[in-house]
Amino acid sequence: MKIQNTKKRILEKTLDNLSSERKSPVSGLIVLSILYLGSYFVMPFLLNSNFAIDYNGTSFGLNAFAGVLSSICNIFAILLTLYYGDVGFTISISVLLLNIPMIISNTMRSQNISNISGVFVTLVTILTLIVIYFKNKGIERYQDKLRKQAVTDILTGLPNRFACAELVDDLVKKNQPFTVVSINLNGFNDINDTMGFDIGNEVLMELSTKWKLLADMGASGTLDFIARVGGDEFNLIIRKYRSIKDLINTLHMYRDVLGNKLLIHDYEIHISAAYGYAEYPADGSDADSLFSYSNKAMLKAKESKEDNKILRFTDDMLIDRHVTEVENEIKTAIINNSIFFNLQPQFDMNHKLRGFEALARMKNKNGEFIPPGEFIPIAEKAGLIDKVDSAVFRKAAKFIGNLIQETDADILLSINISVKHIMKRHFLDELKEILDTCNLSPRNLEIEITESILIESVEKASKCIGELKAMGIHIAIDDFGTGYSSLSYLFNFPATLLKVDKSFIDNMNNNETSKKYVSTIISLGHIMGIDVLSEGVETDEQLETLRKIGCDYIQGYIWGKPLTENEAKEVVLNSF
Ligand code: C2E
Ligand code: CA
Ligand code: CA
């Protein structure tokens, strides 16, 4: 919608520019006309005057200035024609034509034949004005054409999206009730594919002519406006109806136009559509939401697969079906305890294993993976993230606890926990219970808190996080660099690790600023006694740069993708 609004603003500006020529102020016309006519009144007086000015012994007759004034008059005539089109041209030409007999009579009276040259100058000026006038007319015609094109759909001649949006904006401003209907033809692409674009275009033209006729004749009893707003998309704006029954009646009339087969080049074409509508002000209070809501209702009508279905917008259409599906998958996975984890290894710069980050994994009912980037945000919004985090924590802690017992490896388990979860009263009890049952020492646990979420509640969270640190648990700030945390809070925050976000590592070798940024984070961390880990390291060049700028740890595909339990065990056995 934003893009659409920007386009609309550009179009409005263009239209303003196009019409600027015609908007010359009336006051200018009056002033120019007075000066022009005034000059002509003064002219005979100058010509007939015997008055002379003496300058340095040379005498200048006032009649010598008549030529200068005549040139000024011609300039006024040109300005009037340039800026005031028909009116200016008529005034100028009339005065100039009247001027010709005047010059001739003056010439005859003064018996000075040289004055007749004024007639030729006047004739040349008239010719110039005619050329300017017709040139201007051409430009105006072109501007009119552009203005018309800007609000008209070229193929069908119906108003376009811009014109429709203008009307709806206007109706909202005037607070007049109306309904926006989104119409989308069914199977139009098939017509294009099987019969060709020409037939497709003719279908659109034929249909548009019929709908336009219906709108223009007012046969529906309501005031209708039909626009083509996309390939096979139309908007109908219905006004002046007394009841929903009238509205539906009008909608049926438009739908019935499609009921009859269209005959195009001896082809009988049957076409149907899906209709969705939203009413102002009942369903939406501004143009953007009305268009969006009617469109949503149309999509729902389309989904039903029923031809010519008409649906009104309802609030539940705003709920994204896919999101709801994923949300249900998460709930099912929690109940079935089927959320599991992968472990992504973290290393120091000498490739010595530091530990693993536990990453949540989930499959849908068809056994396909749902990426965490998709289900984690949905779990967060649905208030299910605590349960997801706990499930991953419990299972990963059990696995790493056992692995440490078995191998005596000194490794860390990093888990992702939301700040809100940490601040809940039962979190500490739950954590202690998990550590106890899994035989995992707090020293082997690291909790990752995302920077952007942390800064929203840093003050309240500091106490809980302080308690975790006091237990010996490591605290990492995840996705560091994306959350704009301030230095002052960083100094007071009990973090033990900064995890530089992958986006900075990605850009580090082709963008000097990103490199300096990572280097600064590393220096900053070290000044505060905090280690720094770079996430998403994929290439040797990145690794080399990170070594040079003093990074402590890395996590990335270069040395290890997220692993299954068995694969992770293998890495541990090979490391110690
Ligand atoms: P994150 O915490 O920043 O985790 C790192 C993500 O980067 C993981 O994606 C990991 O697979 C990916 N990654 C690591 N190294 C590389 C690399 O070299 N190249 C590329 N292209 N990617 C790399 P994943 O597993 O898809 O997780 C995405 C995000 O989901 C995580 O980002 C985290 O914010 C969230 N998440 C995952 N598991 C959990 C969980 O148990 N609880 C919570 N609250 N969030 C989780
Ligand atoms: Ca993380
Ligand atoms: Ca991260």
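Atoms within a ligand are numbered from 1 in the order they appear, just like the ligands themselves.
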Checklist entry - Mind checking whether Trp559 and Phe347 have parallel, tilted or perpendicular rings, split at 30° and 60°? => result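 Rings of Trp559 and Phe347: perpendicular, as their planes differ by over 60°.
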
Checklist entry - Is the Phe341 ring parallel, tilted or perpendicular to the Phe399 ring (thresholds 30°, 60°)? => result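 Plane angle between 30° and 60°, so tilted.
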
Item to check | Sub-4.5 Å side-chain heavy-atom contact between Ile505 and Val500 | outcome: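 They are in side-chain contact.
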
Next on the checklist: Counting C-beta onward and ignoring hydrogens, is there a side-chain heavy-atom pair between Ser414 and Gln346 closer than 4.5 Å?
Outcome noted: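 With C-beta onward as the side chain, the pair touches.
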
Item to check | From Tyr277, Tyr293, Phe291, Tyr275, residue fulfilling ring-ring contact (aromatic ring centres under 6.0 Å, His included) relative to Phe313 | outcome: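 Per the ring-ring contact (aromatic ring centres under 6.0 Å, His included) rule, the option paired with Phe313 is Tyr293, out of Tyr277, Tyr293, Phe291, Tyr275.
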
Checklist entry - Does any donor atom in the side chain of Glu374 or His322 lie under 3.5 Å from an acceptor atom in the other side chain? => result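 Yes.
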
Next on the checklist: Short of 3.0 Å from the Ca ion (ligand 2), name each protein N/O/S atom, waters not counted.
Outcome noted: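 The answer is Glu357 OE2, Asn416 OD1, Glu448 OE1, Asp478 OD2.
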
Next on the checklist: salt bridge (Lys or Arg N to Asp or Glu O under 4.0 Å), that's the test. Do Glu357 and Lys499 meet it? Break it down for me.
Outcome noted: CA-CA 12 Å; Glu357 175 178 0; Lys499 294 188 79 175; 2.8 Å; yes

Next on the checklist: Using the salt bridge (Lys or Arg N to Asp or Glu O under 4.0 Å) definition, which of the options Lys352, Arg443, Arg354 pairs with Asp410?
Outcome noted: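 Checked Lys352, Arg443, Arg354 against Asp410; only one passes salt bridge (Lys or Arg N to Asp or Glu O under 4.0 Å): Arg443.
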
Next on the checklist: At less than 4.0 angstrom from any atom of ligand 1, which residues have a non-hydrogen atom? List them by chain and residue number.
Outcome noted: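 Residues Gln344, Glu357, Leu359, Ala360, Arg361, Pro372, Ile376, Ile385, Asp389, Val392, Asn416, Asp478, Asp479, Lys502, Glu535, Gly536, Val537, Glu538, Gly556, Tyr557, Pro562 each place a heavy atom under 4.0 Å from ligand 1, listed by chain and number.
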
Item to check | Distance, nearest 0.5 Å, that separates CG of Asp389 from NZ of Lys420 | outcome: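 Taking CG in Asp389 and NZ in Lys420, the distance rounds to 12.0 Å.
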
